[in-house]
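Chain naming here is simple, since letters A, B, ... match the order of the sequence lines and numbering starts at 1 in each.
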Protein chains: 2
Amino acid sequence: MARRQRPAREEPGTGQQGGQQGGRRRPKAKPGSRRGSRAPVSAAVTASGRKVDAETRREAILDAALAVFAEHGYEAARLDDMAARAGVAKGTLYLYFKDKEALFEALVRGAVSPIMGRLGEAAAAPGMTVASVLELFFAMFQKEVLGTRRKLVLRLVISEGPRFPALAEFYYREVVSQGLKMMRNVARHGVATGELSSEALARFPQLIVAPLLLATIWDGLFSKIDPLDVPGLLRAHRELLLGFSARSAP
Amino acid sequence: MARRQRPAREEPGTGQQGGQQGGRRRPKAKPGSRRGSRAPVSAAVTASGRKVDAETRREAILDAALAVFAEHGYEAARLDDMAARAGVAKGTLYLYFKDKEALFEALVRGAVSPIMGRLGEAAAAPGMTVASVLELFFAMFQKEVLGTRRKLVLRLVISEGPRFPALAEFYYREVVSQGLKMMRNVARHGVATGELSSEALARFPQLIVAPLLLATIWDGLFSKIDPLDVPGLLRAHRELLLGFSARSAP
DNA sequence: GTTATATGACTGACTGGTCAGTCAGTCATC
DNA sequence: GATGACTGACTGACCAGTCAGTCATATAAC
């Protein structure tokens, strides 16, 4: 009877193995034998004397959770896996997050916030041309999203968003609408200065980011079959947006 | 003890209710009391005399499966739901498909094939300009994908593809690589005739389809918050691709 | 310095609801 | 009477969430 056989799983306990501080084991302790089979996140002792401070542990859990959610999707992600990866017991997850959903949302929220601010400054700098903003924006996306595990978060939002309306709304509010507003302002500026010959981008700033989305999805689906030359793609994209030959380098 | 509480479910038996052909019910038939609580897909009797022919039933199952997979994602989709929607018992699903995964793959394969052929003819017609091919291609995508449940299939591929390498490869082979090849040929043609002033599209035909992808994802995530004017988006996109003012109408 | 007690972070076996897949049984049709 | 499409109760793996129990550390008392 073939049963809910899941795709390949990592073996448990793949976290950082290490300084098991030899708590004596009794032959058959009923429940909870401390440090039973798991390594602490770090052997370093914090200033307060605790083995690992709460923030570090929280990060470790979020880190592990991202890996597992990204690999299996929300529903198929097992909390046991996350716990094992984070080097804690499952119960510990519940000391830090109310439930699976809260953990998932915390993950997305945490990955999003730090980026948007920096983008804002860049786009608002005076004397910026459209070409230079696009250059900067695309470089930033490659470095901070495609080049990091944040791309996994973006993919999770795309995949799981339809089933988490609250998440989609949060993402729209914090990322999409803000990003589009910036891009729209840049485009309007470009039209005003004559750098852009069409109002298309001012009306649909989505056209600026569409290839970034494509690159993210391609990376997840086809990169093994046919890797995408993302820098080349984005250069070509800038070329089209700016209406031919815009081969500027910073 | 809060347990795997799933998101809102449709009540079972939402399929086409109808002609229960009054098979007599015994008070407590042990197993399988035929036509227990479910409506047949159709009351029409086929030429061969069977209540419903195999192909029709297969379609009904695929139809129901698409709805359930699309709503809940692969893992969270319940075969019981699909069966209820299709108006059959769960066991019947296994007469038509080996298992959940085979059903999922059949779904995607079935939705994909009919489209590609037509696109091919359109792009190969002699005397076609880039502008007219794009016009046609975008219209076709709006009508045949965004306008139908095929968009759900596309979204499923995007969402579940990373966990189904075989599916991603199939989709790449049958759709992506073929579509890009066509687009690349069209772009090369455009460069040769002078209709396109840049080789960007010939190098990265992905740039042509990126906004279609964006539209599909937007529709799934944000359409309730901020609906996207897809025809406008694609008009603006054509404008940019063709290097300004391309406001043609068919 | 040593021992006793308190604290709370952490553990992991366990519970109970869930659901993919099975198969003995039913019945319309041949 | 035989065939085979169809049924649906059932099995057993599965896993989110719980909580009684453990122990490192801190603090107090001697």
Side-chain angles (χ1 to χ4, degrees), chain A residues 1-6 9 12 21-26 28-38 40-41 45-46 48-54 57-58 61 72 74-84 86-104, chain B residues 1-6 9 12 21-26 28-38 40-41 45-46 48-54 57-58 61 72 74-84 86-104:
Chain A
M1 193 183 297
R3 194 42 38 67
R4 188 193 298 223
Q5 83 296 29
R6 299 177 151 280
R9 291 284 187 189
Q21 81 278 36
R24 59 210 170 287
R25 314 293 331 287
R26 262 146 301 85
K28 185 56 170 73
K30 269 308 186 13
S33 51
R34 188 167 184 81
R35 295 279 90 106
S37 59
R38 218 164 254 34
V41 169
V45 175
T46 64
S48 79
R50 280 250 143 244
K51 196 109 322 186
V52 172
D53 75 47
R57 180 135 288 176
R58 206 184 119 95
I61 291 172
H72 301 290
Y74 177 79
E75 188 78 19
R78 293 192 289 142
L79 294 182
D80 281 307
D81 276 2
M82 300 175 195
V88 300
K90 181 157 63 162
T92 305
L93 302 183
Y94 289 88
L95 300 177
Y96 289 84
F97 301 95
K98 184 176 139 285
D99 57 14
K100 190 180 184 182
E101 190 169 333
L103 175 50
F104 181 60
Chain B
M1 192 183 296
R3 195 41 40 67
R4 189 195 297 223
Q5 82 299 29
R6 297 176 151 283
R9 292 286 186 187
Q21 83 277 36
R24 59 208 170 289
R25 313 294 332 285
R26 263 146 300 87
K28 184 54 170 75
K30 270 306 188 12
S33 51
R34 189 166 184 80
R35 297 276 91 107
S37 60
R38 218 163 253 38
V41 169
V45 175
T46 63
S48 79
R50 280 247 143 246
K51 197 107 321 183
V52 172
D53 76 46
R57 181 135 288 174
R58 205 185 119 96
I61 291 172
H72 301 291
Y74 177 80
E75 188 77 19
R78 293 193 290 144
L79 294 182
D80 282 308
D81 276 3
M82 299 176 197
V88 300
K90 182 156 63 161
T92 305
L93 302 184
Y94 289 87
L95 300 176
Y96 290 84
F97 301 96
K98 186 176 137 283
D99 57 15
K100 190 180 185 182
E101 189 168 334
L103 175 50
F104 181 60

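Residue side chain B/K100 does not reach the base of C/dG21 through any donor-acceptor N/O pair under 3.5 Å, judged by distance alone.
As a whole-Å value, the separation of A/K90 NZ from C/dT15 P is 14 Å. Atom CD in B/E75 sits roughly 10 Å away from atom P in D/dA16 (whole-Å rounding). Rounded to whole Å, atom P of C/dT11 lies 9 Å from atom CG of A/L93. When the P atom of C/dG12 is taken as reference, atom OH of A/Y94 falls 16 Å away, rounded to whole Å. The nearest whole Å value for the distance from the CZ atom in B/R78 to the P atom in C/dA20 is 8 Å. Remark: C1' of D/dA16 and NZ of A/K98 are 12 Å apart, rounded to the nearest angstrom. Following rounding to the nearest Å, A/D99 (CG) and D/dT18 (P) show an atom-to-atom distance of 9 Å. Rounding to whole angstrom units, CG of residue B/D80 and P of C/dT22 are separated by 14 Å.
Expressed to the nearest 0.5 Å, how far OG1 of A/T92 lies from CZ of A/R58 amounts to 14.5 Å. Summarising the geometry, atom NE2 belonging to A/H72 is positioned 9.0 Å from atom CE belonging to A/M82; distances are rounded to the nearest 0.5 Å. Atom NZ of A/K98 is separated from atom CG of A/L93 by 14.0 Å, given to the nearest 0.5 angstrom.
Judged by distance alone, with hydrogens and angles left aside, the side-chain atoms of B/Y74 form a donor-acceptor pair with the main-chain N or O of B/E101 at under 3.5 Å.
In the set C/dT11, C/dC10, C/dG21, the nucleotide with an atom closest to the side chain of A/Y96 is C/dC10. Here the side chain of B/A89 is nearest to one of D/dT7, C/dT22, D/dT18, namely D/dT7. In this structure, of D/dA5, C/dC10, C/dG21, it is D/dA5 that holds the atom nearest to the side chain of B/L95.
Nearest-nucleotide assignment on DNA chain D puts the 5′-proximal partner with A/L79, out of A/L79 and A/T92.
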